[in-house]
Amino acid sequence: MVPVNYYIALSAILFIIGAMGVLVRRNALIIFMSVELMLNAANVALVAFSSANNSLDGQIFVFFIMTVAAAEVAVGLALIVAIFRSKNSINVDEINMLKG
Amino acid sequence: MTVDLILFLILAAVAIATALGMLLSRNAVYSALFLVLNFATVAVFYLLLGAPFIALTQVTVYAGAIMVLFLFVIMLLGTEELPKGEGLNWQKPMAVILAVVLMVEATFLIFVQEPVADLISNSPSADFGGPRAIGELLFSRYLLPFEVTSILLLVAMVGAIVLTLNKKEGGQK
């Protein structure tokens with residue numbers, strides 16, 4: 001028997017580690033992986049609530065989130081490859097073409 | 001301390017350690033491999049929570065397809081390690097401070113509030129979270145979102161192909 005709070009705390013910790021990765025790292029690929037980690041943390045919370053309330057709707061939500069994540073990864077990695085072709089770097093500090 | 005709780009604590013330690021490993025390793029390939037381990041641990045959490053279908057989807061879609069795509073792009077671009085640039089030096093301590101503040105707030109709120117629901121029991125009904133139950137719900141109440149998902153995937157596929165199209169060679173159109 002594990003209280004729901006423990007799962008929510010775990011989910012919050014994973015989410016915060018992901019957010020820290022987005023803020024600290026400069027490699028666009030690792031930033032992207034951190035975004036995946038944050039999505040996953042949200043999924044943990046949804047499944048925990050679904051199981052605590054004995055209702056399957058949370059799990060359906062997780063299923064849809066996974067679909068969106070897969071689509072996002074396909075488009076995002078294509079964007080990173082396109083950026084690498086034009087700038088020859090994926091350091092996000094060097095991608096500042098819109099800066100005046 | 002029941003068996004469930006001990007299992008949860010060990011798995012939580014593994015999940016947090018692998019997430020930190022993903023965050024801290026300098027080599028992007030190691031980061032990706034740490035993240036695979038993290039996704040596998042989360043899949044075991046789903047099994048503990050009585051969601052076998054979601055657990056296996058997690059393994060195939062996240063740990064399988066998505067991370068293979070990541071590793072493929074890392075190795076294709078050859079950017080495992082960025083050269084050490086100067087960057088914005090004040091950002092890192094700032095980010096760590098803000099993250100710690102957020103974490104303290106979150107844990108405080110989670111444990112000060114009354115429990116939002118009862119304990120998660122270890123004995124859900126026979127087919128809770130199985131493919132049959134999920135499928136019945138997915139193809140009845142959630143049929144429209146399910147169909148919209150297919151359009152989303154199609155758009156993502158077309159978008160990825162268009163973005164990576166080499167315009168110099170394919171310029172005859």
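Everything numeric in this text was worked out from a predicted model, so none of it was measured. Basis for what follows: all heavy atoms, side chains included, without hydrogens, waters or symmetry-related copies.
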Do [X] and [Y] share a hydrophobic cluster (ILVMFWY, side-chain heavy atoms under 4.5 Å, transitive)?
X	Y	answer
A/Val68	B/Phe39	no
B/Tyr62	B/Leu153	no
B/Leu143	B/Phe53	yes
A/Leu29	B/Leu33	yes
B/Leu5	A/Tyr7	yes

State the [atom1]-[atom2] distance between [X] and [Y], to the nearest 0.5 angstrom.
X	Y	atom1	atom2	answer
A/Phe64	B/Leu152	CZ	CG	11.0 Å
A/Asn43	B/Thr57	CG	OG1	10.5 Å
B/Met22	A/Leu37	CE	CG	4.5 Å
A/Asn27	B/Ile74	CG	CD1	7.5 Å
B/Leu35	A/Phe32	CG	CZ	12.0 Å
B/Ile66	A/Leu39	CD1	CG	8.5 Å

Under 4.5 Å from any heavy atom of chain A, what part of [X] do you find: side chain, backbone, both or neither?
X	value
B/Phe70	both
B/Ala106	side chain
B/Leu98	neither
B/Ser150	neither

Checklist entry - Between A/Val47 and B/Tyr46, what is the shortest heavy-atom contact and its length? => result CG2-CE2, 3.7 Å

Checklist entry - What heavy-atom pair brings B/Ala99 and A/Met20 nearest, and what distance separates the two atoms? => result CB-SD, 3.1 Å

Next on the checklist: Can you confirm whether more than 12 heavy atoms, excluding those of A/Phe15, are under 6.0 Å from its CZ atom?
Outcome noted: no

Checklist entry - Just wondering, are more than 12 heavy atoms of other shown residues or ligands nearer than 6.0 Å to CZ in A/Phe84? => result yes

Item to check | Chi angles and distances behind the side chain to side chain contact (heavy atoms under 4.5 Å, CB included) call for B/Phe45, A/Leu10 | outcome: CA-CA 11 Å; B/Phe45 275 126; A/Leu10 174 77; 3.4 Å; yes

Please classify the contact between [X] and chain B as side chain, backbone, both or neither, with a heavy-atom cut-off of under 4.5 Å.
X	answer
A/Ser55	backbone
A/Ala41	neither
A/Ser50	both

Can you tell me which of [options] forms the most heavy-atom pairs within a distance under 4.5 Å of chain B?
options	answer
A/Leu77, A/Leu79, A/Asn40	A/Asn40
A/Val75, A/Leu23, A/Ile17	A/Ile17
A/Met66, A/Gln59, A/Arg85, A/Glu72	A/Gln59
A/Ala9, A/Ala12, A/Gly76	A/Ala9
A/Leu56, A/Val44, A/Val24	A/Leu56
A/Val73, A/Val22, A/Asn88, A/Asp57	A/Asp57

Chain A contacts, top residue of [options] (heavy-atom pairs, under 4.5 Å):
options	value
B/Ala12, B/Ala15, B/Pro145	B/Pro145
B/Ile16, B/Val96, B/Leu20, B/Leu23	B/Leu23
B/Thr107, B/Val100, B/Thr149, B/Leu76	B/Thr149
B/Val61, B/Leu138, B/Val148	B/Leu138

Next on the checklist: Please verify the inter-ring angle class for A/Phe63 with B/Phe146; under 30° counts as parallel, over 60° as perpendicular, anything in between as tilted.
Outcome noted: parallel

Checklist entry - Is it true that a side-chain atom of B/Thr164 and a backbone atom of A/Ala78 form a donor plus acceptor pair closer than 3.5 Å? => result no

Item to check | Short side-chain to backbone donor-acceptor contact, B/Asp4 and A/Val2, under 3.5 Å | outcome: no

